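Here is the structure we will look at.
Being a predicted model, the structure only gives us computed values, none of them experimental. Heavy-atom basis, side chains included; hydrogens, waters and symmetry copies ignored.
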Amino acid sequence: MVSTILSFNLHLHPHRQNLLFSNPKPNYLLKKSSIYPTNLTRKSSPLHKKRYPDPSMTSSSNQSQLLSQFRDTEPDPTLINDDLKPTPPAHRTLSGVDMASLWVGLVVGVPSYYLAGSLVDLGMAWWQGIATVVAANVILLFPLVLTGHPGTKYGISFPVLARSSFGIRGAHIPTLLRALVGCGWYGIESWIGGEAILLLLPESVKASSLALPVNWLGTSPLAFGCFIVFWLLQLGTFWNGIEGIQQIEKYAAPVLSLLTLSLLMWSYVRAGGFGHMLSLSSKLSNSEFWALFFPSLTANISFWATLALNIPDFTRYAKSQNDQIIGQAGLPLFMGAFTFVGLAVTSSTKVIFGEVISSPIQLLGRIGGIWTKILAILGISLAIITTNVAANVVAPANALVNLSPSAFTFRRGALLTALLGIAFQPWRLLQSSESFVYTWLVGYSAFLGPIAGVILVDYYLIKGAELSVGDLYTMSPKGAYYYSGGFNVAAIGALVVGVLPVVPGFLNKLGMLKSVPQPFVLIYNNAWFISFFLAAFVYWLMIRLTAA
């Protein structure tokens, strides 16, 4: 459906035949270096374990489909390994329900709960907070579905897709930027998990000297130690690669939904209904609301703008375009529902405990006895892990594999992602609602917006949703995506142009600039929108001018 609407067919490389539709060479299967070797079952990495069966177990028609993508070229070994190869059609097994389950596992988490509470904490009424979240995710649904299309069509991951627009070598720029954001989020989620462990410790330990903050560290040794413990516990979850992550998301979704419903019903019964939440009115004047709305909308878009870039890492396993579209269509609904839960439960704490408790971890610590705490902590841990491994491990790990296929496997990339998550010092990012929403979320959107703009314009408006898969894996100067020395200067230039106007506002938010002109403040507050459309237009214009 989407590809029909956007079926512009402006090819930049008319001199190159699309390798996807050329005639096969009869002796291709005899080449040991071919992109689909005749036996990868025993030596495949965790990402593709059991995903490339012996040809004797694969239908001849399916083999023909796979090999048709690489008929006239041999893949460069510096551009490919088992993790970067296209997913064969027979092994694209995710249904619409599976994709929806993925989003349930992603949405139901502590950061989503924090985000909802942050909007009310900053002065919005409950319905304004929910409306802002839903509006942001409806907008984000479009780039999610559009970027997911090539993943499903060609079975390629985000780093490989980025090669088509930024160049074979230039693709490292957007993928590493996305990877850095993922590392930061991995640290944030792990820190929240550490807080859950801290809650279970005896009061005597929490009252000891270890619980006192250390200036140079920025937190207490006890809190940091709990963070490291949870960090270590997560390592096993991504050891089996994408297949392990898929299984976690599939079985976690109903469990998380049940726990969320249980928490909502508990707050409803104890508070005597949702009357208190419904009575929460806005603390903002009309002008103050709109001044808050647009940066809040940007922050909410930024929340999942990370996945809007690397969603091909998941849609490459979808059965069809309908499945990936239907599965992703649930995002606004899921986010809206969970936002309602977060606001309802938070507002009920004023009636139940006499004070507003915005942190779900602190709330669970007040609910009941040790077994209630243990059950609650297990639920929070499951929610954190399902979000962390899918949203914050896959993209950085794949980016590192793309950077050096010979040096990195999915496991090694995931481990380095986890290590960098510590370096981000997440406890500082979560110091306040403002630092979380308007420094972290809005700040990184300035980098993700232009990347999405360039990739979507290139794929739909320039290439007409048609890619030469073989050329995505070749370093030949004659390759369609080699551009200039492996870099697409137009894409990189558009990315820089999209980011630059946001820089003054970002530096002002960090305190590095005491004041900036008001237009730069407005640009920063709408960072994702401005950087997205500016980079998209500049890229389209540069390509049109150079092609004329």
Side-chain angles (χ1 to χ4, degrees), residues 111 114-116 118-124 128-129 131-133 135-137 139-140 142-143 173-174 177-178 180-185 188 284-309 424-426 428-456 492-539:
Y114 273 140
L115 186 61
S118 296
L119 298 179
V120 175
D121 185 44
L122 292 166
M124 285 190 181
Q128 291 173 330
T132 302
V133 170
N137 285 277
I139 293 171
L140 189 62
F142 290 94
I173 297 173
L177 285 174
R178 168 63 183 94
L180 286 174
V181 175
C183 293
W185 266 117
I188 289 174
L284 308 170
S285 65
N286 190 55
S287 59
E288 288 174 336
F289 168 76
W290 289 112
L292 180 65
F293 172 76
F294 287 105
S296 298
L297 186 71
T298 300
N300 275 272
I301 289 175
S302 304
F303 196 73
W304 293 122
T306 51
L307 264 293
L309 277 184
F424 266 82
Q425 302 183 66
R428 299 185 190 275
L429 295 175
L430 291 173
Q431 284 179 342
S432 68
S433 294
E434 185 166 350
S435 63
F436 173 59
V437 175
Y438 300 123
T439 302
W440 170 242
L441 291 177
V442 177
Y444 74 64
S445 72
F447 296 98
L448 302 189
I451 295 172
V454 168
I455 288 177
L456 291 179
I492 297 170
L495 170 60
V496 173
V497 171
V499 171
L500 283 178
V502 186
V503 173
F506 180 63
L507 295 178
N508 175 248
K509 183 61 66 174
L510 290 177
M512 299 175 68
L513 289 178
K514 291 184 178 180
S515 63
V516 295
Q518 188 61 26
F520 286 112
V521 175
L522 294 175
I523 290 173
Y524 179 76
N525 289 341
N526 298 275
W528 187 87
F529 291 98
I530 290 175
S531 63
F532 177 93
F533 287 108
L534 180 60
F537 174 73
V538 168
Y539 179 70

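- Residues passing the side chain to side chain contact (heavy atoms under 4.5 Å, CB included) test with L284, sequence neighbours excluded: M124, S282, E288, F289, L292.
- Closest approach of K509 to T439, counting heavy atoms only: CG-OG1, 3.4 Å.
- Contacts of L507 classified as side chain to side chain contact (heavy atoms under 4.5 Å, CB included), with partners at least two apart in sequence or in another chain: V503, M512, L513.
- Judged as a ring pair (Phe, Tyr, Trp, His ring centres under 6.0 Å), and not counting sequence neighbours, F447 has no contacts.
- Side-chain contact check for P174 versus L309: every heavy-atom pair is 4.5 Å or farther apart.
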Is there a side-chain contact (heavy atoms from CB on, under 4.5 Å) between F532 and L456? Walk through the geometry before answering. CA-CA 10 Å; F532 177 93; L456 291 179; 4.1 Å; yes
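- Here OG1 of T132 is found 11.0 Å from CG of N137. Values are rounded to the nearest 0.5 Å.
- To the nearest 0.5 Å, atoms CZ (R178) and OG1 (T306) are separated by 4.5 Å.
- Taking S302 as the reference, T298, L441, Y444, S445 meet the side chain to side chain contact (heavy atoms under 4.5 Å, CB included) condition, with sequence neighbours excluded.
- The line from CG of L177 to CD1 of I451 is 5.0 Å long, rounded to the nearest 0.5 Å.
- Between P450 and A535, the shortest heavy-atom contact is CB-CB, 3.4 Å.
- To the nearest 0.5 Å, atoms CD1 (I301) and CD1 (I139) are separated by 4.5 Å.
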When the side chains of residues 519-530 are checked against the rest of the protein, which donor-acceptor pairs come out under 3.5 Å, sequence neighbours left out?
unit_1	atom_1	unit_2	atom_2	d
Y524	OH	Y438	O	2.5
N525	ND2	V521	O	3.4
N526	ND2	L522	O	2.8

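- V442 and P295 make their closest contact through CG2-O, 3.8 Å (heavy atoms, listed as atom of the first residue, atom of the second, distance).
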